[in-house]
Amino acid sequence: MTSIDRLTGMLDVLPEDRLYWDMIIDKAIDLAGRYGFQRINVPIIEKDELFSRGVGEASDFFVKKEMYTITEEDGNRITLRPEFTAGIVRAYLQNGMVNWPQPVKIYSIGPVFRRERPQAGRFREHSQFNPEILGTWDPAADLEIMMLARNLHRELGYKNLTFQLNSTGCPVCKPKYVDELKKYLSAHQQILSDVDKERLKRNPLRILDSKDESIDELIADAPHIVDFLCDDCATHFADLRQYLDELNQPYAINFRLVRGIDYYTKTVFELWDKTIGAQASLCGGGRYDGLAEAIGGPQVPGVGVGFGIERIAIGLKKQDIKASTELMPSVLLIHFGGGTKTEALRLTYALRENGIASRIAFARRPRSMRSQMREANRHQAAFVIIVGEDEIAKGEVAIRQMESGEQSSVQSNKAVSWISEKLNAS
RNA sequence: GUGGCCGUAGCUCAGAUGGUAGAGCGUCCGGUUGUGGCCCGGAAGGGCGUGGGUUCGAUUCCCACCGGUCACCCCA
């Protein structure tokens with residue numbers, strides 16, 4: 001009985017689930033490599049300003065106090081990262097990656113923290129795989145990020161995923177659109193829910209993805225961002241769509257797709273799996289051409305995506321996709337204390353040095369053979385090596401193959417090679 | 001931050017119109033001399049989420065709080 005519990009919204013990932021994590025992360029690393037990305041680590045904690053200026057003080061991370069921020073004794077405010085991109089862009093600037101061959105393609109994997117109320121598929125600590133392409137305006141970079149997103153899921157076994165794609169414009173064209181939208185929605189304010197009325201004041205764009213179905217028609221008739229894009233944004237969007245079409249990659253234009261982080265420009269997209277619950281977004285990303293400037297650097301265009309590892313794992317399980325549970329064949333060393341224990345220990349380490357998974361039956365005082373055999377069975381040992389007094393007297397050990405029950409006497413100093421041969425043969 | 005549902009052993013769950021709790025699984029030990037998976041026996045493990053209130057007495061009634069879960073919000 002533990003008296004101290006896990007913090008709200010935190011997760012213990014047990015061995016069974018960890019298999020899914022390994023599968024997802026292995027695939028992410030594999031794909032990132034094939035796409036030419038290099039892995040970096042960035043700190044879990046950054047200065048508060050990185051996120052207030054990067055993510056944007058108008059975003060809900062700030063207004064709803066969803067970040068874990070602590071004020072140090074000297075007054076510095078430091079924050080547990082609520083997302084990856086700002087830190088990666090900061091690292092790009094600080095480490096002079098502007099002088100590397102462009103674009104720079106890097107990714108990071110690790111936890112991020114947001115103090116939200118937990119829900120199906122939503123946790124206060126969650127882990128992300130986060131690739132970014134920095135230093136190019138080419139919409140083919142947007143395509144590459146989207147292809148990486150889709151293919152990661154595809155190669156993991158996901159079926160029937162479609163992209164939700166939209167453009168969110170840029171500082172040139174977006175404000176005009178927001179004005180128009182606000183005007184339109186204000187004129188119909190009376191049919192908005194209280195929540196949406198609140199959003200109308202704070203962030204009218206968010207009404208587009210309101211879950212209030214009674215305003216679906218209202219929104220369908222609302223001004224569309226695509227009709228307001230400036231030439232630059234419109235061309236970018238058209239080019240990206242052309243690439244997707246030419247590569248036969250299906251996607252759904254979703255003009256109601258808006259993202260909560262302020263730094264996005266032009267392309268925004270998500271990949272959904274509705275079976276997870278209300279939190280359907282497996283990954284979300286887009287372009288952020290103004291972020292580097294916002295945190296004090298030169299203008300560096302960028303595009304990236306964040307994958308929620310927990311959500312992908314949940315989705316895989318719901319689709320009955322199994323993570324590999326194959327165990328390395330292993331050996332259990334059985335002994336009866338005294339000299340037999342010493343010999344068993346010696347053999348255990350010798351086996352391990354030779355690449356054979358092995359474990360010794362732990363016991364402060366000698367345990368019965370039956371008990372130790374049961375342990376071998378429970379741990380699904382492939383072999384048991386019995387080191388008893390009789391065997392030691394003859395310089396031998398008894399080796400039992402658990403599945404067949406076949407048992408042989410082997411010279412002690414040949415035990416490791418005997419098992420190696422058996423393993424190689426099978 | 002708001003709302004619905006839930007809160008009995010590690011897990012899945014029983015339980016009494018209020019008299020201080022059980023099962024299955026799991027774990028550990030054992031079933032004659034050093035041998036597993038089946039079977040059998042035994043043990044450990046819970047002041048029934050926490051704190052108040054009502055009562056002679058509450059795990060069972062009431063309230064609050066905490067936690068879990070789902071949804072809103074927001075997001076991966």
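In the text below, chain A, chain B and the rest are named by the order of the sequence lines, each starting its count at 1.
- As rounded to the nearest Å, B/A58 and B/G49 have P atoms that lie 15 Å from one another.
- Contact annotation: side chain of A/R114 to base of B/A76, donor-acceptor pair present below 3.5 Å.
- Using a 4.0 Å cut-off, no side-chain N or O of A/S127 falls inside it from OP1 or OP2 of B/A76.
- Among residues two or more places apart in sequence or in another chain, the salt bridge (charged side-chain N to carboxylate O under 4.0 Å, His left out) test is passed with A/K183 by A/E180.
- The distance between atom CZ of A/F123 and atom C1' of B/U69, rounded to the nearest whole Å, is 11 Å.
- Per the geometry, CZ belonging to A/R150 stands 19 Å off P belonging to B/A76, to the nearest Å.
- Sequence order on RNA chain B of the closest nucleotides to A/Q401 and A/G121 puts A/Q401 first from the 5' end.
- Comparing A/T8 and A/E403, the nucleotide of RNA chain B nearest to each residue sits closer to the 5' end for A/E403.
- Between A/D320 and A/K322, at least one side-chain N (NZ, or NE/NH1/NH2) sits under 4.0 Å from a carboxylate O, which counts as a salt bridge.
- The distance between atom CD of A/Q372 and atom P of B/G36, rounded to the nearest whole Å, is 12 Å.
- For the pair A/S368 and B/G30, the criterion of a side-chain N or O lying under 4.0 Å from OP1 or OP2 is met.
- Taking atom CD of A/E116 as the reference point, atom P of B/C73 lies 12 Å away to the nearest angstrom.
- Distance, A/L192 CG to B/C73 P: 13 Å, rounded to whole Å.
- Separating the C1' atom of B/C25 from that of B/U32 is a span of 30 Å, rounded to the nearest Å.
- If you check distances only, the side chain of A/R370 never reaches the base of B/U35 with a donor-acceptor pair under 3.5 Å.
- Remark: of the listed residues A/R90, A/R53, A/R77, A/R90 is the sole one forming a salt bridge (Lys or Arg N to Asp or Glu O under 4.0 Å) with A/E46.
- Evaluation of the side chain to side chain donor-acceptor pair (under 3.5 Å) rule for A/S371 yields A/R367 as partners, not counting sequence neighbours.
- Base pairing analysis places B/A43 opposite B/U27; the two distances defining the Watson-Crick or G-U wobble pair are each below 3.5 Å.
- If you take atom C1' in B/A14 and the same atom in B/C56, they sit 29 Å apart, rounded to whole Å.
- Not a single salt bridge (charged side-chain N to carboxylate O under 4.0 Å, His left out) links A/R124 to another residue, sequence neighbours left out.
- The partner of B/U69 is B/G4, by the rule that a Watson-Crick or G-U pair needs both atom distances under 3.5 Å.
- Of the listed nucleotides (B/A76, B/U35, B/C70), B/A76 has the atom at the smallest distance from the side chain of A/I261.
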Can you give each donor-acceptor pair under 3.5 Å made by side-chain atoms of residues 403-416 of chain A, sequence neighbours left out, with the distance rounded to 0.1 Å?
residue	atom	partner	partner atom	Å
A/S404	OG	A/E406	N	3.1
A/Q407	OE1	A/R400	NH1	2.8

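- Which of B/C70, B/G36, B/G34 sits closest to the side chain of A/M369 comes down to B/G34.
- Atom-to-atom, CZ of A/R374 to C1' of B/C29 comes out at 9 Å; the value is rounded to the nearest Å.
- The side chain of A/S281 contributes no N or O atom lying less than 4.0 Å from OP1 or OP2 of B/A76.
- Taking A/D196 as the reference, A/R199 meet the salt bridge (charged side-chain N to carboxylate O under 4.0 Å, His left out) condition, with sequence neighbours excluded.
- Glycosidic conformation at B/G47 (O4'-C1'-N9-C4 for purines, O4'-C1'-N1-C2 for pyrimidines): syn, within 90° of 0.
- To the nearest whole angstrom, the two C1' atoms, one in B/C62 and one in B/G45, are 32 Å apart.
- Interface residues of residues 375-382 of chain A facing RNA chain B, ordered by number: A/N377, A/R378; criterion, heavy-atom separation under 4.0 Å.
- Side chains of A/D142 and A/H236: a donor-acceptor N/O pair is present below 3.5 angstrom, by distance only.
- With distances taken from any side-chain atom of A/V195 to the nucleotides B/G36, B/G67, B/C73, the minimum falls on B/C73.
- Within 3.5 Å, a donor on the side chain of A/Q407 pairs with an acceptor on the base of B/U35, or the reverse.
- Remark: A/R259 is in phosphate contact with B/A76, judged by side-chain N or O atoms under 4.0 Å from OP1 or OP2.
- With a 3.5 Å ceiling on both atom-pair distances, the Watson-Crick or G-U wobble partner of B/G22 is B/C13.
- In this structure, CG of A/D390 is placed 13 Å from C1' of B/U35, rounded to the nearest angstrom.
- Nucleotides B/G53 and B/A44 have their C1' atoms positioned 36 Å apart, rounded to a whole Å.
- Considering only side-chain N and O atoms, A/Q119 lies under 4.0 angstrom from the phosphate OP1 or OP2 of B/C72.
- Between B/U60 and B/G15, the two C1' atoms lie 10 Å apart (nearest whole Å).
- Whole-Å rounding puts the A/R117 CZ to B/G68 P distance at 9 Å.
- Nucleotide B/U54 is matched to nothing when pairs are restricted to Watson-Crick or G-U wobble geometry with both distances under 3.5 angstrom.
- For A/E198, the CD atom sits in a packed shell: over 12 heavy atoms of surrounding residues, nucleotides or ligands are nearer than 6.0 Å.
- Look at the C1' atom in both B/G51 and B/G7: the space between them is 15 Å, to the nearest Å.
- Only the C1' atoms considered, B/A23 is 36 Å distant from B/G34, to the nearest whole Å.
- Here the two rings, on A/F163 and A/Y251, have centers that are 6.0 Å apart or farther.
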